[in-house]
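Residue numbers start from 1 in every chain, and the chains themselves are labelled A, B, ... in the order their sequence lines are given, proteins ahead of strands.
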Amino acid sequence: MDKTILAAENLCKNFGGVTAIVEVSFELKEGELLGVIGPNGSGKTTLVNLLTGFVKPDLGRVIYRGSEITGKAPYRIAELGIVRTFQMVKPFYQLPAFKNLVIPLYSPRVKKLRGGGYGDRDDVAIDLLEDVGFERDSFVPYKIASSLPHGYLKRLELARCLALRPDLLILDELFSGMSMSEVASTLPIIERLNSEGLSIIMVEHRLKELFRIANRVMVLNFGAKIADGSPRDVMENDAVKAAYLGSEEEEDA
Amino acid sequence: MKYRKERLDRGIKARCEDIFALSSYREILYLAFPRVLPVAVLLILPLLKDVVGLYWEKVLMISCIIALLALSWDLMASVGLISLGQALFFGAGAYITGFLNHAFKLPPILTIPLGTLAGALFCTLLLSPVLRLRGVYFAIVTLTLPLLLARFIETTKILGGTEGMSGLSPLPDIWIEMYVPVLALLLCLFGFRRLINEDYGLVLQGIRDNDRAVMSGAINIYWFKAQAVFLAGLAGSFAGAFMTHYNQVVGMAAFAMDYSILPLTAAVLGGVGSFAGPTIGAFILVPLSEMLRAVGTLRVVFYSAILIICVVGLPEGVFHYIRRKYHQFERMVEVG
Amino acid sequence: MDCRKIMLPSIIIYGLINSVILALIAMGFSLTFGISGVANFAYGGFYLFSGFLVWMLLNYLKFPLILAIMVTIGVTGLLGFVTYWVILLRVRGIALSEVIATFALGVGILELFRWMGFVTYEFTLPYLKKGMILIAGVPVDYQRLFIIGIGLGLVLFLYFFTHYTRIGLSFRGIAQNERTAISLGIKSDRTAALSLAFGSAMAAVAAIVILPLGIISINTGYEVLLIAVAVGIVGGLESVPGILVASLILGYAQVITGTYFKPEWMMVVYLAAIVLVLGIRPSGLFGKFKELEERV
């Protein structure tokens, strides 16, 4: 439980003069669920992009299981087992939901994990969809992705990540745009994955739900880390209160 | 009284979507007819060369060649790579084949496959740095490359310079001349269709629709794009390689704009993304342009007009229109 | 270049002229692309169209030169504007269709002129002013000086236009973030149409000052598109500093190869430069926003 799986050291990123991330360092232990919160524009998504190789940091390093992955191509990082969801879901709209999962299932990583002989990807895809709460015997997994409601698309996004059998899952605002009941049904899935030993970084706006399941919470404001600790400590932290003060209405949106 | 148009699938189509379709000859025929008919026509036409005449047999062959280029264009388009320079493939295949025959006196049976392979490889290597870029940028680069390569050959006077290389070996006999392009076309058409419907093809189309999602699925999109370019390059280079031996000469005309704009027009006219569409487009366009031979360069203006009209007015293309008519019927229903 | 004795000053001066010519040609294409994201492949067509239009106005309608030039710049600009409203508006956002439509339009225009018989040697445009002067012992004719002047003038004009006028600022707004610009009340379509009009008008300006140096031939149209694109690829398509730097590099490289090797090799410089830049930095020397990683 106390082996470090991912460590970020002194990450910095500017976008044309605007600082998005300033000297952020943190460590993630194997099997931990780390929540990342912060007001709008505090650099949460940029942090995810830096960790997964979609954006290259100006300074700093990302270390995954003892080896440096800074600046590696996104697909290489995914191949190592760090898989992310996107905040704006953009599934392959013309494809049926389960066919969406065939693409990650085609990757060399899955091939390696499953061994040479490969069964039917469609069956695996249906199983995965069931795991994230698609009703197996209904038409839902076979529906064209563009006809699915937003909550299903978010969970499809989650299933897309699970298809790669990740070692570290990074969820970028998975709950945004989900209804209360959808969140309530997705939360146990994440808890289960975490209890099965999957390390998770969860960037989230829904503080209540996050604080219930996170082991540890990190707070960003204007790109800098202002607090890091157990959910209870973070809630009591003065700097966090100051950062969030007056933005209560905003985060409920 | 207001009316609106309603489209319904034919009953037979709905039944044919399941495996139960194979329960009656009528349904088998319904499914097989649109596939078998064009294949049969393509295979039988060369046999009727005395009836059709050699001139129109040549038109058939050129249609096949342009269709091959259009197919290669369409395969690249299904990965999201818009090419304005299929002439690059054609020219590369043509020149390599011509060079092998000219310099080493290899027979066509060796030079054509070698030229096809080497041409595709050459184009893939040349385009590989650009695969990282998206959209318009790729189109811009593909537009320039064939034109610049032609100028390169012109100035450096390599590979025969402006004159090209002539006196190459002819194809062994007329049946090969007529059947090889037809067979290559059918192979590519059905091969590409099969490929794109496989899981492999899903990955390719996924790259077109959302490359980031594919990348975060631990898939090296550049490697897949390169593979697609190579496959497309095979079809295009073969067209060039074959024409080299057919004409017994290869020159700068192999990089000419015609080989870029004709396949493009064919694909857009026929319907992008279906493989059958570009083939149909080529078989409409090439004979039409033969009939318009009298008007000279106005032909190109005419292609351009077709292109603009199709892109703006009929984006679905002929093939999708025909398919819709085949599978659905329309009727007017009262509204309100 | 018959002045090999005075090689160095000649290279410096003619290199500069050549660079300005390249920049003039590339500027309009890059301006349109930078603002509206439309790659105007009809650019070569517009360029040649304006050349022939001036010629026709001068020879058929006997317009005075200045009037013919004004009319041509106006008409070509209008052509760009109309192209946007009639064709591009309907396919906006579909990269494939935009590219195909403008490409087809350009080829259509060029081949129409070819069919109409504009292929002989009689088609030349007059110099704005005849005669030449010696600069550091190198003879330079006034037309080439005009080119430098107009090129520099255009760059300055563009700078002030985009930084200090309303339309110019809305251009930059759209270029930076189309949606935000729309929400601030900038009409996206009108701005895009204007950007096309401006790009086309600049093609006309370039054609009017550059074409008198040689004869007007159909292939010039394709060549111009090629140059615009090549300079764009090397410098970075939407970046004005990139275009200027790339023009200088290519312009001097060409003149140097032209002097020391053979003039035909000048075209090869483009290919070499493109291949080199693509291999090292595919988005161009100053380009941005085109690599996948930057778009997240």
Side-chain angles (χ1 to χ4, degrees), chain A residues 48-49 52-55 72-96 98-113 118 120-122 124-125 145-146 153 156-157 159-167 169-170 172, chain B residues 9 14 17-19 74 77-81 128-135 193-228 231 271-275 277 315-317 319-320 323-324 327:
Chain A
V48 174
N49 285 338
T52 49
F54 280 87
V55 172
K72 279 197 176 180
Y75 73 90
R76 286 222 178 277
I77 292 179
E79 208 169 311
L80 291 170
I82 306 181
V83 185
R84 66 172 293 187
T85 64
F86 286 98
Q87 188 182 345
M88 301 293 220
V89 283
K90 249 181 86 184
F92 308 108
Y93 282 112
Q94 307 96 320
L95 295 180
F98 75 102
K99 283 282 183 194
N100 266 271
L101 302 184
V102 168
I103 292 170
L105 286 176
Y106 201 85
S107 68
R109 175 179 168 84
V110 177
K111 228 175 252 173
K112 204 165 62 198
L113 288 178
Y118 202 92
D120 196 351
R121 292 189 186 84
D122 294 0
V124 183
S146 59
L153 293 182
L156 180 63
E157 181 77 3
R160 188 181 62 72
C161 294
L162 296 181
L164 286 174
R165 302 204 187 173
D167 298 318
L169 184 61
I170 303 182
D172 191 0
Chain B
D9 277 4
E17 279 182 345
D18 282 311
I19 190 76
D74 206 23
S78 29
V79 204
L81 298 170
S128 58
V130 213
L131 298 179
R132 295 166 53 77
L133 305 172
R134 10 167 106 176
R193 275 174 63 112
R194 180 70 190 270
L195 192 75
I196 217 76
N197 290 327
E198 296 275 314
D199 289 350
Y200 180 81
L202 280 182
V203 176
L204 294 188
Q205 293 173 64
I207 293 172
R208 177 192 60 197
D209 294 342
N210 185 354
D211 43 7
R212 286 162 62 211
V214 177
M215 220 167 25
S216 66
I219 285 175
N220 183 353
I221 59 171
Y222 311 118
W223 176 233
F224 275 79
K225 280 185 180 180
Q227 289 174 6
L231 287 172
V272 176
S274 55
F275 298 116
E316 73 168 356
F319 172 71
H320 295 283
R323 187 168 63 174
R324 209 178 62 224
H327 285 314

Straight-line distance of Ile103(A) CD1 to Ser216(B) OG, nearest 0.5 Å: 10.5 Å
Answer with side chain, backbone, both or neither: which region of Leu95(A) has an atom nearer than 4.5 Å to a non-hydrogen atom of chain B? side chain
What residue in Ile77(A), Val102(A), Val83(A) has the most heavy-atom pairs under 4.5 Å with chain B? Val102(A)
Top contributor to chain B contacts, counting heavy-atom pairs under 4.5 Å, from Glu79(A), Lys90(A), Arg109(A): Lys90(A)
Counting only non-hydrogen atoms closer than 4.5 Å, does Gln94(A) touch chain B with its backbone (N, CA, C, O), its side chain (CB onward), both, or neither? side chain
Apply side-chain contact (heavy atoms from CB on, under 4.5 Å) to Lys99(A) and Asp199(B), showing your working. CA-CA 9 Å; Lys99(A) 283 282 183 194; Asp199(B) 289 350; 4.1 Å; yes
For chain A, the option from Val214(B), Leu202(B), Asp209(B), Ile207(B) that forms the most heavy-atom pairs under 4.5 Å: Leu202(B)
Are there over 12 heavy-atom neighbours, none belonging to Arg324(B), within less than 6.0 Å of that residue's CZ? yes
Reported CZ-to-CZ distance for the pair Phe92(A) and Arg208(B), which is rounded to 0.5 angstrom: 10.5 Å
Search all heavy atoms of Ser107(A) against all heavy atoms of Ile219(B) and return the closest pair with its distance. CB-CG1, 3.5 Å
Does any donor atom in the side chain of Tyr75(A) or Asn220(B) lie under 3.5 Å from an acceptor atom in the other side chain? yes
On a heavy-atom basis, which atom in Pro108(A) and which in Ala218(B) lie closest, and how many Å separate them? CD-O, 3.6 Å
Would you call Arg212(B) and Phe54(A) a side-chain contact if the rule is heavy atoms closer than 4.5 Å? yes
